[in-house]
Amino acid sequence: MAMDVALLESAERGVPGWRVYGWDGPWISLGKQQVASRDLLNPDLVPWVMRPTGGLAVLHGHDVTVGLALPLSSISSMEDLSRSVRRVYRFLAAPLVAALHECGLDVCLGENSGFAGTGVKSADCFAKVSPNDIVYRSSGLKACGCALRLTSSAVLLQASIPNGRPLVDPAIVFAEPHSPIGEAWDSSRFNEALSKRLTGL
């Protein structure tokens with residue numbers, strides 16, 4: 001998480017940056033407003049870490065994870081975007097969607113799928129679909145969980161893209177867990193595809 005915070009700090013100085021990474025076994029990341037004792041069934045069962053971004057808890061270890069930070073001036077030099085979460089999110093989601101398309105995944109924003117609002121209220125990020133979420137077009141299952149941190153001059157997006165089945169059952173982590181997708185996809189081109197769309201921002 002410290003490396004993603006460093007990306008945000010660089011973006012605040014006008015330097016965009018991103019990284020694509022994985023996890024050494026199962027981990028949980030909690031949104032900055034969450035509390036492990038409240039939001040996890042057993043905080044001692046799986047190691048967990050606090051994210052600098054908001055949002056809900058994500059079960060990692062089977063996913064491709066992205067940290068992406070941009071100066072807000074890269075998005076628009078005309079407006080103060082520090083309070084325009086929706087517009088910033090759309091801008092950052094676009095290269096993720098395009099890179100996933102290149103990897104063969106038919107995904108779109110939840111608002112374009114007909115599945116926005118489905119799922120259950122939960123501490124688990126993947127249990128409910130919002131209009132902003134990236135989902136599989138045919139099923140509405142969440143393909144990518146994202147969380148933001150906006151400052152007055154920059155934004156950090158942290159994204160988790162499941163690839164195959166979770167290393168531990170979400171039902172032993174969350175009271176209201178999501179149903180895992182389970183299908184693996186070829187992520188070998190993802191880093192290159194994402195970088196191609198971000199270079200020059």
Please walk me through it: do L68 and L92 pass side-chain contact (heavy atoms from CB on, under 4.5 Å)?
CA-CA 8 Å; L68 165 60; L92 295 174; 3.8 Å; yes
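- Hydrophobic clustering, with ILVMFWY side chains joined whenever heavy atoms are under 4.5 angstrom apart, groups L109 together with F91.
- For T65, the side chain to side chain donor-acceptor pair (under 3.5 Å) partners at least two apart in sequence or on another chain are W23, D63.
- Side-chain N/O atoms of S188 and D186 include a donor and acceptor closer than 3.5 Å.
- Across every non-hydrogen atom of K142 and I181, the tightest pair is O-CD1, 3.3 Å.
- Minimum heavy-atom separation, S152 to L72: O-CD1, 3.8 Å.
- Separation of atoms SG (C108) and CZ (R137) is listed at 4.0 Å; rounding is to 0.5 Å.
- With a 4.5 Å cut-off on side-chain heavy atoms, D106 and Y136 do not count as touching.
- Residues E12 and S153 have side chains that never bring a donor and an acceptor to within less than 3.5 angstrom of each other.
- Side chains of S29 and W48 form no contact here, defined as non-hydrogen atoms less than 4.5 Å apart.
- Between R51 and D4 there is no salt bridge, since none of the side-chain N atoms of the basic residue sits less than 4.0 Å from a carboxylate O of the acidic one.
- The side-chain heavy atoms of P95 and L198, taken from C-beta on, include a pair separated by under 4.5 Å.
- Salt-bridge annotation for E111 and R86: present, with a side-chain N of the basic residue lying under 4.0 Å from a carboxylate O of the acidic one.
- Residues K196 and E102 are paired through a salt bridge, judged by an N-O separation under 4.0 Å between the basic side chain and the carboxylate.
- Sparse packing is recorded around CG of D24, with 12 or fewer heavy atoms of other residues, nucleotides or ligands lying under 6.0 Å away.
- Side-chain contact between T151 and L8 is present, with at least one heavy-atom pair separated by less than 4.5 Å.
- H101 places a side-chain heavy atom less than 4.5 Å from the side chain of V107.
- Within the structure, every pair that satisfies the side chain to side chain donor-acceptor pair (under 3.5 Å) test and touches residues 116-128, not counting sequence neighbours, is listed here: D124-H178.
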